[in-house]
S.K.: 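Dropping a structure here in structure tokens format, bear with me for questions.
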Amino acid sequence: MARLYRGMRDFLPRQMISREEIQEKIRKIFRRWGYVPIETPAIELLDTLHGKYGSDADKLIYKLEHSDGLGLRYDLTVPLARVIALYDQQLPKPFRRYQIQPVWRAERAQKQKGRFREFVQCDVDIIGTESPIADAEILAISAEILTDLGLRDFKILINHRQILRGLVHISGFASDDEFSVLRSIDKWDKIGKDGVREELAKKGFERKSIDKIFELISVDDTNWNLLSDMSKIGDERVKAGVDNIRRILEYLASLGFGQDIVEFSPRMARGLDYYTGAIFETILPELPDMGSLTGGGRYDELIGLFSGKGKIPACGTTIGLDRILSAMEELKMFPDSHTYTKVLVAQFSAQLSSSALIFSQKLRSVNIPTEMFPEPKKLAKQFAYANKWNIPFVVLIGEDEAKQELCVLKDMKTGRQRTVSQNQAIRILAETLNSK
RNA sequence: GUGGGUGUAGCUCAAUUGGUUAGAGUGCUGGACUGUGGAUCCGGAGGUUGGCGGUUCGACCCCGCUCACCCACCCCA
């Protein structure tokens, strides 16, 4: 029987049209900022994939049975790091690249929350610069894309791995336990303060350390006062992180994005191991269960793991296409487009099929997406077809019209129709369709 | 992977304490209407009630197993 593996999806035309349109908008913005595309294979060596994301995440990598040591890529950042290491000299720095491709994760899929086992990521990264301008640029691009797609009420959460490391350190945790602690803290908004406390206790950490870190991050006003307070703690890494965030925000303001869309979130940690500096994600406060729409940060040491030639700084983010689409679906933001076709040329009879073909080709030559009905079926069927696919116009060339180079032009929305010359019909269609 | 819930037509749902041939809406399709759709009317197709087994004279309904989906945990875009 026909079945679909959990977490996988088929896309029918209606969804596919939205996917393509949104992808086009994202691509356009990437290009406007000077980013160039790359693609990498779905299959990578497990050696490439393992040990970059964290021990939990390694379990979520799909392994291939065909041969030892192969797996499906888990994100686009690690393949990028591999590419940089391999083609370093051919890619002048700073190197700005975008990449739009699917990734696979062997986790429990939940459609309504926008979680899938196969999903498309749209990544933008800047390689080869430590400048906070790069971080600010990545944030500006994220904000521009979400705004362009009509998701106005997003919030960018920002934090810093250096701050987190410093806090974990001065609370008395061992540096080996850093990720474990951070991952629990990351769940704050989900399971609450007590939940985090419970989980840390269960992991066997000392009461004193837990109390200390809670004191440092559990302040209720999650914003800029807090950031100032952090720099007074007296830890160098924390202070460096705070200064770095401040500079990023200054540059971001110069790019036209003010602090109203950004929030300092000292508990946001992000799950992946490779981040070293600023980390960020965007969420929609309206849809708290949806998770993040975009997520990224600075990873200055990842590429070095591949090249072995010391560190190459890098910073980037993922625009979660599928998350965005899920969110837009929840918010009922989709235009009701079923097809790209704007005009259906009906076929009156087999004898008149050539007039219809000639006319349809004229429409295409002026860039009007046109399809012709392939069989001389009853006109009622042909009009019903146009209606079902939401094709806005139908053109009919019957016996009477053909003699005088005329046609019937019908607007399917209003139901109104008129008989005009064929050239006039083309002019009218070109005008009304282009003005939209 | 662990725990909880749900499975009836393509979709949304009915079906008396376990009782004869499992229905309706919607959608699909053909016609009323051989130069006109979204309205109306008439007809048609579509089901091993998720699957296998058990209890019973008799199971959509009860029991066991299994599968799928949903929710929670884990994890993230």
Side-chain angles (χ1 to χ4, degrees), chain A residues 1-7 12 26 53-61 74-77 100-123 142 146 179 183-184 186-187 190-191 195 198-199 202 268-273 279-284 287 289-297 316-327 344 346-349 352 373 376-402 407-419:
Chain A
M1 271 309 285
R3 294 203 307 133
L4 201 54
Y5 173 55
R6 189 195 182 108
L12 299 185
I26 294 172
Y53 306 108
S55 56
D56 288 342
D58 279 359
K59 291 181 219 146
L60 301 178
I61 295 170
Y74 183 86
D75 73 353
L76 301 179
T77 307
I100 300 177
Q101 288 192 276
V103 303
W104 294 268
R105 292 182 190 179
E107 64 181 318
R108 194 86 179 165
Q110 268 172 260
K111 205 171 145 192
Q112 281 217 323
K113 296 192 174 178
R115 295 169 48 174
F116 309 98
R117 286 176 173 162
E118 176 183 64
F119 57 97
V120 171
Q121 296 196 325
C122 311
D123 272 37
S142 311
L146 293 178
F179 290 127
R183 217 158 286 153
S184 295
D186 200 13
K187 291 178 200 158
K190 207 169 186 180
I191 62 178
E198 204 174 302
E199 188 172 308
K202 226 158 106 191
M268 189 266 291
R270 299 198 54 72
L272 303 177
D273 278 7
I279 48 179
F280 25 80
E281 55 187 48
T282 56
I283 54 159
L284 291 176
L287 299 177
D289 289 338
M290 188 56 78
S292 50
L293 302 187
T294 79
T317 192
T318 296
I319 310 292
L321 179 74
D322 287 289
R323 273 289 163 76
I324 289 173
L325 283 157
S326 294
L344 174 74
Q347 186 176 172
F348 185 77
S349 66
L352 287 167
F373 204 88
K377 281 201 185 177
K378 279 187 172 180
L379 288 177
K381 301 276 173 233
Q382 303 191 42
F383 278 93
Y385 169 83
N387 202 44
K388 276 172 204 154
W389 283 100
N390 257 9
I391 299 171
F393 294 97
V394 174
V395 167
L396 176 65
I397 303 173
E399 272 166 9
D400 304 336
E401 292 82 11
C407 68
V408 174
L409 173 60
K410 176 157 179 159
D411 182 330
M412 293 301 283
K413 211 167 181 182
T414 62
R416 245 176 282 159
Q417 67 177 52
R418 48 182 163 162
T419 303

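Order of the sequence lines fixes the chain letters, A, B, ..., with proteins taken first and strands second; residue numbering starts at 1 for each chain.
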S.K.: Using the six-membered base ring of A77(B), report whether Phe119(A) stacks on it, requiring centroids under 5.5 Å and planes under 30° apart.
M.R.: yes

S.K.: Out of C75(B), G35(B), A77(B), which has the shortest distance to the side chain of Leu60(A)?
M.R.: C75(B)

S.K.: Gln382(A) side chain to Lys377(A) main-chain N or O, any donor-acceptor pair under 3.5 Å?
M.R.: yes

S.K.: Has the side chain of Gln417(A) got a donor or acceptor that lies under 3.5 Å from a partner of the other kind on the base of G37(B)?
M.R.: no

S.K.: Please work out if Phe348(A) contacts a base, only the sugar-phosphate, or nothing of the nucleic acid, heavy-atom cut-off 4.0 Å.
M.R.: base

S.K.: If the P atom of C13(B) is compared with that of G50(B), how far apart are they to the nearest Å?
M.R.: 15 Å

S.K.: Is there a donor-acceptor contact under 3.5 Å linking the side chains of Thr282(A) and Thr294(A)?
M.R.: yes

S.K.: Quick test of your reading of the model: are Lys187(A) and Glu199(A) salt-bridged, counting only N-O distances below 4.0 Å?
M.R.: yes

S.K.: Can you tell me if the side-chain N/O atoms of Lys187(A) get under 4.0 Å from OP1 or OP2 in C75(B)?
M.R.: yes

S.K.: Does a nitrogen or oxygen in the side chain of Lys377(A) sit under 4.0 Å from OP1 or OP2 of U29(B)?
M.R.: no

S.K.: How would you label the contact of Val120(A) with the nucleic acid (heavy atoms, under 4.0 Å): base, sugar-phosphate, or nothing?
M.R.: nothing

S.K.: Write down the distance between CZ (Arg115(A)) and P (C74(B)), rounded to a whole number of angstrom.
M.R.: 10 Å

S.K.: From the list G31(B), G37(B), C74(B), which nucleotide is the closest neighbour of the side chain of Lys378(A)?
M.R.: G31(B)

S.K.: In whole Å, what separates the C1' atom of G47(B) from that of A15(B)?
M.R.: 14 Å

S.K.: Find out whether Thr317(A) and Phe280(A) are in side-chain contact, i.e. whether some heavy atom of one side chain is under 4.5 Å from a heavy atom of the other.
M.R.: yes

S.K.: Hey, does Glu107(A) reach any base, or is it just sugar-phosphate, or nothing, if we go heavy atoms under 4.0 Å?
M.R.: base

S.K.: Indicate, with a heavy-atom threshold strictly under 4.0 Å, whether Ala384(A) touches base, sugar-phosphate, or nothing.
M.R.: sugar-phosphate

S.K.: Leu272(A) has a side chain; which of C75(B), U36(B), C76(B) sits nearest to it?
M.R.: C76(B)

S.K.: Is there a side-chain contact between Met268(A) and Ile279(A) (heavy atoms, below 4.5 Å)?
M.R.: yes

S.K.: Rounded to whole Å, please give me the gap between CD in Gln347(A) and C1' in G35(B).
M.R.: 14 Å

S.K.: According to a 3.5 Å limit on both distances, what stems of 3 or more consecutive Watson-Crick or G-U pairs are formed with RNA chain B?
M.R.: B:1-7 with B:67-73, B:10-13 with B:23-26, B:28-32 with B:40-44, B:50-54 with B:62-66

S.K.: What is the separation between atom NZ on Lys381(A) and atom P on U34(B), rounded to the nearest whole Å?
M.R.: 10 Å

S.K.: Can you tell me which nucleotide in C28(B), A77(B), U36(B) comes closest to the side chain of Lys388(A)?
M.R.: C28(B)

S.K.: May I have the distance from Arg183(A) (atom CZ) to C74(B) (atom P), rounded to whole angstrom?
M.R.: 12 Å

S.K.: Suppose you measure atom C1' in A9(B) against the same atom in G44(B); what distance do you get, rounded to whole Å?
M.R.: 14 Å

S.K.: Knowing that exactly one of Val103(A), Thr318(A), Ile319(A), Asp75(A) qualifies, which makes a side-chain contact (heavy atoms from CB on, under 4.5 Å) with Asp123(A)?
M.R.: Thr318(A)

S.K.: With a 3.5 Å cut-off and just heavy-atom distances, do the side chain of Lys410(A) and the base of U36(B) make a donor-acceptor pair?
M.R.: yes

S.K.: Judged by each residue's nearest nucleotide on RNA chain B, which is more toward the 5′ side, Ile319(A) or Glu199(A)?
M.R.: Glu199(A)

S.K.: Consider side-chain contact (heavy atoms from CB on, under 4.5 Å). Of Val395(A), Leu396(A), Val408(A), which one does Gln417(A) pass it with?
M.R.: Val408(A)

S.K.: Please give the distance between the C1' atoms of U34(B) and U26(B) as a whole number of Å.
M.R.: 30 Å

S.K.: If I pick the P atom on C33(B) and the same atom on C42(B), what distance separates them, to the nearest angstrom?
M.R.: 16 Å

S.K.: For Ile397(A) and U36(B), give me the distance from atom CD1 to atom P, rounded to whole Å.
M.R.: 17 Å

S.K.: Check Asp411(A) with Arg418(A), please: is the shortest side-chain N to carboxylate O separation under 4.0 Å?
M.R.: no

S.K.: Does Arg270(A) make a side-chain N or O approach to OP1 or OP2 of A77(B) shorter than 4.0 Å?
M.R.: yes

S.K.: Quote, to the nearest angstrom, the C1' distance that separates C61(B) from G54(B).
M.R.: 15 Å

S.K.: Which is true for Leu396(A) with a 4.0 Å heavy-atom rule: it touches a base, it touches only sugar-phosphate, or it touches nothing?
M.R.: base

S.K.: Base, sugar-phosphate or nothing for Asp75(A)? Non-hydrogen atoms, less than 4.0 Å.
M.R.: nothing

S.K.: How many whole angstroms separate atom CD1 of Ile61(A) from atom C1' of C75(B)?
M.R.: 13 Å

S.K.: If you measure from the P atom in G27(B) to the same atom in C69(B), how many Å do you get, rounded?
M.R.: 29 Å

S.K.: Would you state whether a donor and an acceptor, one from the side chain of Arg323(A) and one from the base of C76(B), lie under 3.5 Å apart?
M.R.: yes

S.K.: Checking all strands, does Glu399(A) fall into the base, sugar-phosphate, or nothing category for heavy-atom contacts under 4.0 angstrom?
M.R.: base

S.K.: Considering heavy-atom distances to RNA chain B, does Asn387(A) or Arg117(A) have its closest nucleotide positioned more toward the 5' end?
M.R.: Asn387(A)

S.K.: Relative to Phe393(A), does Lys410(A) satisfy both conditions: NZ or CZ under 6.0 angstrom from the six-membered ring centre, and within 45 degrees of the ring's axis?
M.R.: no

S.K.: What is the ring orientation for Phe373(A) with Tyr385(A), classed by angle as parallel under 30°, tilted 30 to 60°, or perpendicular over 60°?
M.R.: perpendicular

S.K.: Nearest-Å distance, CG (Asp322(A)) to C1' (C76(B))?
M.R.: 13 Å

S.K.: Using the C1' atoms only, state how far U17(B) lies from A59(B), rounded to an integer number of Å.
M.R.: 14 Å

S.K.: Atom NZ of Lys59(A) and atom C1' of G1(B): how far apart are they, to the nearest Å?
M.R.: 10 Å

